[in-house]
Each structure stands twice: as structure tokens, then as C-alpha cells.
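Order of the sequence lines fixes the chain letters, A, B, ..., with proteins taken first and strands second; residue numbering starts at 1 for each chain.
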Number of protein chains: 2
Amino acid sequence: MKKLTLKDVAKELGVSTATISNAFNRPDQLSAAKRTEILEACKKIGYTGPNRAAQILRKGQSNIVALVLADSLDYMVTDPVASTFIQGVSRVLRENQKHLLLYAGDSESIADVVDFVDGFICYGAPRNAALSEQLNQQSKPVVTVDFNLEGRPAINIDNEKASYEIAKAALKPGDHVAILGLRLIDSPSTCRIYDNPLLNVESSITHRRLDGYSEALKEAGITVDSDWIWSLPENNVVYAVQAAKEVLYSQPRPNVILCMSDIIALELLQCALSMGIDVPGELKITGFDGIEEASRTRPYLSTVCQSSVEKGMQAANLLLSGENQSMSLSYELKLGETIG
Amino acid sequence: MKKLTLKDVAKELGVSTATISNAFNRPDQLSAAKRTEILEACKKIGYTGPNRAAQILRKGQSNIVALVLADSLDYMVTDPVASTFIQGVSRVLRENQKHLLLYAGDSESIADVVDFVDGFICYGAPRNAALSEQLNQQSKPVVTVDFNLEGRPAINIDNEKASYEIAKAALKPGDHVAILGLRLIDSPSTCRIYDNPLLNVESSITHRRLDGYSEALKEAGITVDSDWIWSLPENNVVYAVQAAKEVLYSQPRPNVILCMSDIIALELLQCALSMGIDVPGELKITGFDGIEEASRTRPYLSTVCQSSVEKGMQAANLLLSGENQSMSLSYELKLGETIG
DNA sequence: CTGTTAGCGCCTTCAG
DNA sequence: CTGAAGGCGCTAACAG
């Protein structure tokens with residue numbers, strides 16, 4: 001028994017194909033009685049509705065939304081910030097009967113899916129910059145998050161202001177400060193940035209965070225040389241451990257370390273504690289993001305909480321609404337025990 | 001400028017549509033020279049290849065694999081075990097140029113996607129049992145993980161044996177034991193199971209784990225009444241906190257608590273520590289899964305480590321290979337400080 | 001309210 | 001290597 005088509009069913013029931021199609025797609029085009037009659041008959045003979053592949057081609061609509069993540073899914077899917085974002089997106093898509101296709105930001109091109117997805121949510125600048133180009137040149141709706149694409153609606157938080165504030169809260173004049181940053185330079189491994197060329201200074205949010213820190217440092221009369229600024233290639237535990245060790249074994253050891261993510265900050269905290277360093281007595285630490293794990297750890301991390309769930313929901317809503325209106329979401333400072 | 005079709009391009013280049021199609025899909029059907037000539041010309045005029053929606057319809061193949069998660073994406077995507085599994089899946093799909101569609105296990109039906117995806121990986125029994133039915137009745141390949149679907153290849157670990165072993169390691173005769181389980185009964189909230197009807201006793205892995213515990217308990221001559229067994233509706237922090245409090249405030253307080261996930265165990269551990277309970281002196285705790293966070297916490301959790309990444313990779317490989325061969329993956333006991 | 005028809009864009013055969 | 005033709009399964013427009 002092969003798969004039934006709409007035509008088969010029409011013949012079987014002795015009505016036209018249009019009527020079957022309408023019964024499924026446009027209830028207003030036929031009487032309610034006829035409609036339920038047809039639907040019941042379909043159920044009986046095992047026809048579950050029009051073939052989706054054909055519908056996609058015909059209607060140019062698939063109910064699939066592509067979520068383009070900044071990097072390979074491999075990295076992104078286990079990142080607590082990203083997965084919370086995905087959670088928000090999926091919640092809204094579900095309400096709207098849309099489906100979620102995850103797309104890696106280091107893919108070669110969007111050609112594989114651009115013809116059938118209904119739109120793109122782009123979470124962070126894709127590692128492969130060509131994707132940004134391609135996204136901008138195609139005509140389906142795009143919403144960007146944590147970065148901007150000319151002419152497309154975007155969702156952001158004010159990274160610079162948030163970073164300024166958390167740094168401000170942690171710093172006192174005379175502090176010796178280090179910064180553990182993310183993808184500030186294009187390096188495959190954890191390292192100090194020295195005077196290497198910076199990566200995407202204009203567009204990357206981590207450079208905005210750096211700007212915020214710098215402002216607070218300047219106000220406190222503190223200078224931080226580029227050999228006290230680290231760059232991690234990815235926001236994960238492996239790189240975080242490397243960075244934590246490097247910075248904690250550096251002489252003279254900083255007494256304030258500003259981290260651009262909670263993952264980094266938490267690992268640094270663990271590392272410091274196991275070295276017997278007193279936090280916040282000898283070392284103050286700040287994070288960024290406000291991930292759940294940060295509130296399960298003691299001492300409690302000082303960090304910037306951004307609601308990734310809300311970000312995801314807003315992004316999805318914005319995409320589905322079709323409006324071209326960017327927005328800036330709020331954040332919240334959480335001053336925990338790691339800055340005393 | 002509207003989107004170019006294959007036909008437009010053929011006319012433009014003065015060759016037949018078949019040739020263009022072949023240039024993209026069947027290199028052996030034309031000379032290498034002609035092929036590159038065509039491909040270059042296409043790039044120049046901005047034709048990125050055949051329309052995927054049309055290809056999907058025509059070829060009946062989309063290069064999209066649906067990952068059916070046990071529950072709503074909302075829950076699953078932030079679960080560390082599930083997201084690690086997704087990581088494994090995505091790694092293999094990427095190598096094979098396939099794309100990943102996330103599908104919620106509490107959806108009404110698979111009809112929305114069954115016509116165009118190339119196959120299904122089903123991670124845990126879908127909350128909506130109708131999906132299992134539907135999956136089994138359609139003809140595309142399916143691989144199940146952590147549960148079985150008749151006639152379909154499955155990937156599992158031996159939950160019963162693993163649970164037996166971890167319990168065995170923790171237990172001494174005379175212990176007062178409680179169990180924090182997952183979805184043992186069909187309840188919307190955290191509660192003791194008492195004599196409520198059990199859920200999916202045959203098929204659910206959590207009942208296998210319970211069986212394993214029971215065996216070890218029997219051997220140690222310990223009985224655990226059903227009012228010392230809790231069931232959490234989902235594996236998340238909220239329910240874990242509730243369960244932790246309930247069990248720790250119960251009299252007489254157990255001195256061994258077997259948890260069916262690390263999330264539960266970690267929350268219980270935090271809770272116990274903040275109540276000033278000595279672990280493992282006054283209370284031993286075991287987990288299940290071996291999530292990353294468990295190794296960042298002290299005292300180190302005793303747990304069963306299963307490699308979810310490998311599970312995901314195997315599942316994807318199995319699906320793509322098309323073989324109908326089930327497999328059982330290994331696990332590893334990690335005896336940490338929480339059982340002394 | 002129903003039936004007919006012309007594509008959506010492509011792939012594959014087949015004869016040349 | 002080409003050109004033509006027949007669908008894949010459906011929907012939208014139009015005529016009745």
C-alpha cells in the first residue's frame with residue numbers, strides 16, 4: 001500500500017481535488033458538513049493530509065524557521081546561554097506552529113536551506129562572515145541577535161553600558177586588573193592579546209564589553225596593558241581552565257579579574273578556590289550572562305544577568321511579526337559575593 | 001530581479017536544462033571542462049544551484065533529519081544530558097551534510113514533517129505516545145534512543161545494571177534509603193509515588209533504573225517503601241529543589257539517597273550542604289548521567305557516566321547507515337566523594 | 001459551492 | 001552532449 005495522494009483521495013471519494021485541498025486548507029470554501037464528512041473519510045482511508053514537500057514547493061512556505069547559530073552546533077548547543085536562547089525561540093515557534101531548524105554559523109553557505117525556510121534568526125555574527133552576506137542578499141525575513149545586519153531588525157542589549165556598570169561595581173583605584181575576554185583576536189587558542197590585530201572591532205559584542213570595562217577603568221585611573229587581557233576562542237570550559245591557570249599564576253597576580261562570560265568566571269572561581277586564594281579578599285571576580293549554574297555556586301558570582309529566554313522569544317516574535325523594528329533589551333546587575 | 005530558475009539559466013547559457021542540472025548533480029554526465037564552465041557562469045549571473053524545495057519534492061530527499069525529543073524543546077534544550085546528545089548528533093550530521101530539525105515529543109503528530117525529512121532520531125519515548133505509533137507506521141528510517149520501537153534499530157545502555165552497580169557501591173545493610181526518580185508516575189508535580197499507578201513500567205528507562213536499585217537493595221536486605229520514593233515530572237532544577245527539600249525534611253532522614261539524574265543529585269547536595277548536613281558522613285548521594293557540572297562541584301558526585309555525545313553520534317551514524325541493528329553502549333561508574 | 005487547469009522548479013528518461 | 005516531455009503532489013485562479 002503506497003502513500004495516498006490528494007488525487008487518489010478525490011477519486012476515491014468522488015469529489016474534485018480542489019475540494020479535498022480546501023477541506024484541509026481553506027475551511028471557508030466549503031460547507032462545514034461536507035468538510036467534516038471529507039475529513040472523516042480521509043481519516044478512515046488513512047490520508048493524513050496534503051504532502052508537505054509539495055505544499056512547500058507550491059506555496060513557497062514551509063513553516064520552518066532556521067536558527068543560525070554563531071558557530072558549529074557542536075559548540076553552541078551545550079552553551080548554557082545559547083541553549084537558553086534556543087529555549088525562548090522554540091517556545092514562540094511552537095505557539096505559532098513553526099518548526100526549528102538549527103543551522104551552524106560555520107557552514108559554507110545558506111544555499112542548502114534558503115529556498116524552503118520561512119526566515120532566519122541569526123544568533124550572534126556567524127563565524128563564517130560569508131553567511132552574513134548571503135543572509136543580507138536573500139529576500140526572506142531575517143532577525144539578528146547580538147549583532148547587526150544592515151537593514152534588518154536586530155535585538156541587542158547594551159553590552160557596553162552593562163560592562164561599564166559591572167566593572168564600576170568591582171573596581172577601586174589602585175586595583176591590579178586582568179580581563180578574560182572572548183574572541184577579541186583571531187586565535188585558535190587561549191592567549192593574551194598583546195598587540196595582535198583585533199577581530200571585528202566594530203561589530204562584535206565582546207569589543208563593546210571591552211569598551212565598557214575600559215571606560216570604568218579609566219574613571220578609576222587604572223590602566224590594563226594588553227598582556228593582561230586574554231582572548232578565548234570559544235566560551236567553553238576547556239579554554240576557561242587554560243585562561244584561569246594562566247592568569248592566576250601570573251605575577252603579580254591581579255586582584256580583580258573581569259570575565260566576559262559566567263562560564264569563564266565560574267571556572268576561574270573554582271581554580272582560585274582550589275589554589276587557596278581568598279575570594280573576594282584577595283581576588284574579585286565578575287562574570288557576564290547570568291546563567292543558572294552561577295546561582296548554584298558559592299560564593300555567588302557577581303554578574304550581568306540578561307534574559308536569554310526573553311531574547312529568544314522576542315527574536316522569534318519579531319521574525320514572525322514581519323516588522324522591521326530593532327529593539328534593545330534590559331539587563332540586570334547581580335552583585336554577588338565574588339566582589340565582596 | 002527575481003530568483004533565477006534552472007530554465008532561465010539554461011536559456012541564458014544556451015545549453016539544455018538537463019546539462020545545467022547535471023552540472024550540479026551528476027558530474028559524470030558531462031565533461032569536466034563544460035562543467036566548470038557552467039558552474040562559473042552560474043556563479044557570475046548569481047545562480048546558486050537548483051531550488052531546494054523543488055528538489056525535495058522531485059527527489060523525495062531533503063537532507064534534513066528530524067530529532068524527536070522526548071518532550072517540548074523548552075524542557076529538552078537546556079537539559080545538559082539532552083543537549084550533549086544533540087551535540088553528538090549534530091557532529092555526525094554535519095560531516096554528512098545533513099541538517100537538523102528539532103521536533104518536540106509532545107507535538108500532536110509528525111505529519112508536519114514526515115513528508116520531507118529523510119529520517120527520525122527519537123531520543124527517549126515521546127511524551128505523546130501517539131508519536132511512537134505514527135513513527136512506526138511510516139516508512140522512513142527511525143532510530144530510537146533510550147527506548148525501543150518494534151522493528152526499529154535502537155541504542156541503549158543497560159540502565160538496570162548500571163543502577164544496580166551504583167546502588168551497590170553506596171549501600172550498606174541497615175541504611176535508610178530514599179529514591180528520587182523521574183516520571184515514575186503520571187503526576188504534574190513532585191511527589192512521593194505511594195501506591196499510584198506506575199507509568200510505562202515496561203518501556204521507561206527510569207523503571208529499569210528502579211529495578212536496578214531494587215535488586216541492590218534486596219541484596220543488602222533493605223526495604224524502601226513507596227513513600228520513600230519520589231517521582232519528579234521533569235529533570236529540572238525546580239522540581240529537584242522541591243524533592244530535595246521534601247526528602248531532607250522527612251523524618252527519619254535517610255542516610256542514602258539514590259537520584260536518577262545528576263541534576264537532582266546536585267541540587268540535593270547543595271540543599272544538604274546548606275542545611276549543614278555532612279556528606280557523605282550523614283548522607284550519601286548518588287546521581288546518574290555524568291554531566292559536566294558534576295565534576296565541577298565539590299564534593300565530587302558519585303554517578304554513572306554515560307557518554308551522551310557518543311550516543312548521539314552512534315544514533316546519527318546508525319540512521320544514516322540504514323542498517324537495522326540495535327546496540328548497547330557502555331557506561332562507567334564514577335565513585336566520588338558523595339558516597340565516602 | 002464544485003470542477004478544471006495551469007503551473008511551482010526540478011529531475012530523469014529517451015531518442016537523437 | 002542536447003531537447004523534449006512527463007511527472008513529483010499540490011494550490012490558486014477561474015469558470016461554472
May I have the distance from [X] (atom [atom1]) to [N] (atom [atom2]), rounded to whole angstrom?
{"X": "Glu37(A)", "N": "dC1(C)", "atom1": "CD", "atom2": "C1'", "answer": "14 Å"}
{"X": "Gln61(B)", "N": "dC10(C)", "atom1": "CD", "atom2": "C1'", "answer": "14 Å"}
{"X": "Lys3(B)", "N": "dG9(C)", "atom1": "NZ", "atom2": "C1'", "answer": "12 Å"}
{"X": "Lys11(B)", "N": "dG9(C)", "atom1": "NZ", "atom2": "C1'", "answer": "14 Å"}
{"X": "Arg35(A)", "N": "dT2(C)", "atom1": "CZ", "atom2": "P", "answer": "13 Å"}
{"X": "Asp8(A)", "N": "dC8(D)", "atom1": "CG", "atom2": "C1'", "answer": "13 Å"}
{"X": "Lys34(A)", "N": "dT2(C)", "atom1": "NZ", "atom2": "P", "answer": "5 Å"}
{"X": "Phe116(A)", "N": "dG9(C)", "atom1": "CZ", "atom2": "P", "answer": "16 Å"}

Which of the following nucleotides, dC1(D), dT11(D), dT2(C), is nearest to the side chain of Gln55(A)?
dT11(D)

Kindly write out the residues that satisfy side chain to side chain contact (heavy atoms under 4.5 Å, CB included) with Lys43(A), not counting sequence neighbours, or none if the list is empty.
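None.
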
Please name all residues satisfying side chain to side chain contact (heavy atoms under 4.5 Å, CB included) with Asp112(B), sequence neighbours left out, ordered by chain then number.
Arg52(A), His99(A), Tyr103(B)

Kindly list each side-chain donor-acceptor pair under 3.5 angstrom involving residues 310-319 of chain B, sequence neighbours excluded, with atom names and distances?
residue: Glu310(B); atom: OE2; partner: Gln314(B); partner atom: NE2; Å: 3.3
residue: Lys311(B); atom: NZ; partner: Asp146(B); partner atom: OD1; Å: 2.8
residue: Lys311(B); atom: NZ; partner: Asp146(B); partner atom: OD2; Å: 3.0
residue: Lys311(B); atom: NZ; partner: Gln306(B); partner atom: OE1; Å: 2.7
residue: Asn317(B); atom: ND2; partner: Met313(B); partner atom: O; Å: 3.2

How would you list, by chain and number, every residue that makes a salt bridge (charged side-chain N to carboxylate O under 4.0 Å, His left out) with [X], sequence neighbours excluded?
{"X": "Lys98(A)", "result": "Asp118(A)"}
{"X": "Asp79(A)", "result": "none"}
{"X": "Arg35(A)", "result": "none"}

Phosphate contact (dC8(D) OP1 or OP2) by Thr5(A) side-chain N/O below 4.0 Å
no

Are OP1 or OP2 of dG3(C) and a side-chain N or O of Ser16(A) less than 4.0 angstrom apart?
yes

Side-chain touch Ile121(A)/Phe85(A), heavy atoms, less than 4.5 angstrom
yes

Taking the side chain as C-beta and beyond, is there a heavy-atom pair between Leu102(A) and Leu102(B) under 4.5 Å?
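Counting from C-beta outward, Leu102(A) and Leu102(B) do come under 4.5 Å.
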
Dump every N/O contact between nucleotides 5-8 of chain C and the protein below 3.5 Å, one line per pair.
residue: dG7(C); atom: N2; partner: Arg58(A); partner atom: NH1; Å: 2.7

Name the one of Val68(A), Leu101(A), Ile64(A) that satisfies side-chain contact (heavy atoms from CB on, under 4.5 Å) with Val113(A)?
Leu101(A)

Scan residues 43-52 of chain A against DNA chain C and write down, sorted by residue number, each residue with any heavy atom closer than 4.0 Å; if none is found, say none.
none

Using a 4.0 Å cut-off on heavy atoms, which residues in residues 21-31 of chain B reach DNA chain C? List them by number, or say none.
Ser21(B), Asn25(B), Arg26(B)

Partner residues of Phe24(B) under the ring pair (Phe, Tyr, Trp, His ring centres under 6.0 Å) criterion, sequence neighbours left out:
Tyr47(B)

Side-chain donor-acceptor pair under 3.5 Å between Asn136(B) and Arg152(B), yes or no?
yes

Is a donor from one side chain sitting under 3.5 angstrom from an acceptor on the other, for Thr19(B) and Asn22(B)?
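There is no such pair (donor and acceptor under 3.5 Å, judged by atom type) between the side chains of Thr19(B) and Asn22(B).
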
Not counting sequence neighbours, list each pair that qualifies as a side-chain hydrogen bond (donor to acceptor under 3.5 Å, both in side chains) and has a residue in residues 85-94 of chain B.
Asp74(A)-Gln87(B), Asp74(A)-Arg91(B), Asp106(A)-Arg94(B)

Can you name the atoms? Protein N/O to nucleotides 14-16 of chain C N/O, anything below 3.5 Å, with the distance.
none

Is it the case that the side chain of Ser326(B) and the backbone of Ile155(B) share a donor-acceptor pair, with hydrogens and angles ignored and the cut-off at 3.5 Å?
no

